[in-house]
Amino acid sequence: MLKSLSIENYALIKQLQITPDKSLNIVTGETGAGKSIMLGALGLLLGNRADTKVLLDLERKCVIEGVFDISSYNLKALFSEFDIDYDEECIVRREISASGKSRAFVNDGVTNLDFLKQLGLKLMDVHSQHETLKLAHKSYQLEVIDAVADNQTPLSSFQEAYLDYTHKHTIYQSLVTEGNQIRKEADYNQFLFEELDKAQLDLEEQASLESELDKLENAEEIKTRLHEALNISDRSDFNLMNMLQEVKGALNQISQYGASYDALLERIESIRIEFKDIIAELESEEGSVEYDPQRTEEVQERLNLIYKLQQKHQVDSIKELLNIYEELGNKVLKVENLDEAIEEAKKSETAAHAKAYKQANELSKKRTAVFKSFKQEAEKLLQDLGMPNATIQLDHNTVDLGHNGIDEIDILFSANKGVSPQPLKQAASGGEFSRLMFAIKYILADKTALPTIVFDEIDTGISGEIAIKMAQMMVEMANNHQVITITHLPQIAAKGQSHYYVFKDESSDITTSQIKQLNQEERLTEIAEMIGGKNASANAFDSARELMKA
């Protein structure tokens, strides 16, 4: 229920605030005074997109705020899904800055339009020309039948089952598609895998082989240089080892004459020992270096294989080749297990389809079971609303399983005697359409927990006793639901528990729209003027009193 609405700096509205009654609220006023502007502001609270053109004063922001009592709407799960703080008194606010930036708040927390739209569907049901046109769509007609049949729980259960089926169908189709692709590549992947498997690659071998090949290809020069180093160090008559021995002997003769000489002797001895080790390593290296054409060829062949595999797979290291080897192994293994995986996925998909179809069939039975009562009730209401020859027919077709089940429903309508019912897009005029929609809303109000219902001039094209009947139906709807009605008819205006009057204020430089809640005397005057014009006669006032008493 809408507890309060405030609008600031929107279109012709400088500042406006109303506190609607919990039952039937009437909004009247002159054409163009701004009644429909209020609907535009409400639309922003329900998630419609904003435009800076709505700003009355371009230097100030527009603020629209609605306070709703949502204690009986069961919306905690929705708030939790979007991580919004829940409160039984829900405050929804939209702000539009002069720069065009729009922000939405729920309970003072910033939110997005997606949440606002979902929340808006639970807060208000606005009957407008757009929604009247929506009645012509088969999907909306199906929603109406589901509401009449009280299908909320079975529909929700079915849609969960259908979602599970579509998920499993997607998995099955993906496996089939992947399988077809894998099978096309299976032989080649098997060949690549076996080629890498046969190569028996080692992570460290490339660097080792490249170093070994470098030595093998330069063995002659390496051996020559090592031999030369050994000659200088130890094998010639004037070698370094002998020289170090002579230096040691000379220092040994004088080491007793000073600590510094003794220290030099120790250092020379340390160098001689280290140099002796170096000579031993040189001899070992010289002995190990041999020209080996066979080993050179083996290393070259192994490296050529590694380079060829790297080039084929467009990589630069053995590590990357080993990763590819693992991937190919997984693909080969997947091919071996593919048929089993596809078979299991198909079984799962078939079981999910059977479950969803069974629930869809039960849902269909509940829908068709209310066709007769819906037709009778709607036709009776249309007769009361001035269409005594109106007939409704429901065409039903079974279709492929989809998000809404297996049913396609088409409500056919005729307003005139002797004319066969036709699809709604072809059969009804604007006024007839509005009355049909009103009748459906009346039926739904008795079947479901509708939010605040807003009627925007739904009384267009009716008058007299029909208007009185429509007004009475609104009163009955308002027993269980808050109703806000924008009307031009005195018969409807007289039935409101609360009456608001919208008017233009031209007392300042800028024309603005204002709204005021009328007291009983002001209501009498407004209804009399709706009957007899601005200079209403005494008879008009008497008629107004009669309507208000009734």
Side-chain angles (χ1 to χ4, degrees), residues 1-8 10 16-25 38-50 61-97 101-128 131 143 146-147 150-164 403 441 444-455 477-484 497-498:
M1 182 183 81
L2 178 65
K3 294 179 69 176
S4 69
L5 172 68
S6 64
I7 304 171
E8 184 177 337
Y10 178 81
L16 174 154
Q17 183 155 1
I18 63 172
T19 305
D21 191 87
K22 65 181 181 180
S23 51
L24 180 58
N25 299 269
M38 289 174 57
L39 287 183
L42 280 173
L44 291 179
L45 287 186
L46 305 183
N48 292 349
R49 295 202 170 273
K61 67 181 178 181
C62 163
V63 181
I64 301 166
E65 182 174 284
V67 179
F68 297 86
D69 177 359
I70 60 172
S71 56
S72 61
Y73 287 2
N74 297 319
L75 296 180
K76 287 185 180 179
L78 179 64
F79 276 73
S80 177
E81 179 185 345
F82 284 86
D83 196 24
I84 302 293
D85 290 336
Y86 175 83
D87 196 306
E88 290 186 349
E89 184 174 89
C90 177
I91 302 172
V92 182
R93 188 170 76 255
R94 284 291 295 276
E95 295 181 357
I96 307 166
S97 68
K101 184 177 180 180
S102 170
R103 296 200 300 168
F105 302 85
V106 174
N107 294 335
D108 289 327
V110 178
T111 189
N112 55 42
L113 292 188
D114 184 31
F115 173 67
L116 211 56
K117 286 179 180 178
Q118 292 196 44
L119 178 63
L121 292 174
K122 310 293 185 181
L123 298 180
M124 304 198 81
D125 180 9
V126 180
H127 175 94
S128 61
E131 190 185 43
E143 289 179 24
D146 277 330
D150 193 21
N151 276 343
Q152 182 178 357
T153 299
L155 178 61
S156 177
S157 178
F158 158 73
Q159 288 177 340
E160 286 182 14
Y162 179 73
L163 188 63
D164 180 57
H403 180 71
K441 283 287 170 67
L444 296 183
D446 188 45
K447 307 289 184 183
T448 61
L450 291 175
T452 296
I453 305 170
V454 181
F455 291 119
M477 293 173 72
N479 287 332
N480 298 313
H481 307 280
Q482 183 184 51
V483 178
I484 299 173
Q497 273 71 36
S498 185

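Since the model is a prediction, treat every value here as computed from it, not as a measurement.
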Can you check whether [X] reaches [Y] side chain to side chain, under 4.5 Å on heavy atoms?
X: Val92; Y: Leu119; result: yes
X: Tyr73; Y: Leu78; result: no
X: Arg93; Y: Asp108; result: yes
X: Leu2; Y: Asn25; result: no

Can you see which heavy atom on [X] is nearest to which on [Y], and at what distance?
X: Gly66; Y: Leu45; answer: N-CD1, 3.6 Å
X: Tyr86; Y: Leu75; answer: CE1-C, 4.2 Å
X: Phe68; Y: Met124; answer: CE2-CG, 3.9 Å

Working to the nearest 0.5 angstrom, can you tell me the gap between [X] [atom1] and [Y] [atom2]?
X: Cys62; Y: Leu44; atom1: SG; atom2: CG; value: 6.5 Å
X: Asn48; Y: Leu42; atom1: CG; atom2: CG; value: 10.0 Å
X: Ile96; Y: Arg103; atom1: CD1; atom2: CZ; value: 12.5 Å
X: Glu8; Y: Leu16; atom1: CD; atom2: CG; value: 11.0 Å
X: Leu39; Y: Leu46; atom1: CG; atom2: CG; value: 10.0 Å
X: Glu95; Y: Lys61; atom1: CD; atom2: NZ; value: 3.5 Å

So, using side-chain hydrogen bond (donor to acceptor under 3.5 Å, both in side chains) as the criterion, who are the partners of [X] when residues are at least two apart?
X: Ser23; answer: Asp21, Gln497
X: Asp146; answer: Asn151, Arg367
X: Asp69; answer: Ser71
X: Lys3; answer: Glu89

For [X], which residues count as a side chain to side chain contact (heavy atoms under 4.5 Å, CB included) partner, sequence neighbours excluded?
X: Asp114; value: Phe82, Asn112, Gln118
X: Leu113; value: Arg49, Arg94, Leu116
X: Ile91; value: Glu65, Val67, Asn107

Under the salt bridge (charged side-chain N to carboxylate O under 4.0 Å, His left out) test, residues paired with [X] that sit two or more places apart:
X: Asp83; result: none
X: Glu143; result: none
X: Lys101; result: none

Residues two or more places apart in sequence or in another chain: which of them pass ring pair (Phe, Tyr, Trp, His ring centres under 6.0 Å) with Phe105?
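None.
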Partner set under ring pair (Phe, Tyr, Trp, His ring centres under 6.0 Å) for Phe455, not counting sequence neighbours
His127, Phe438
Checking the side chain of Asp125 only, and the main-chain atoms of Thr452 only, is there a donor and an acceptor separated by less than 3.5 Å?
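Looks like no, no N/O pair under 3.5 Å.
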Look only at the side chain of His481 and the backbone of Ile453, and say whether a donor-acceptor pair between them is shorter than 3.5 Å.
no
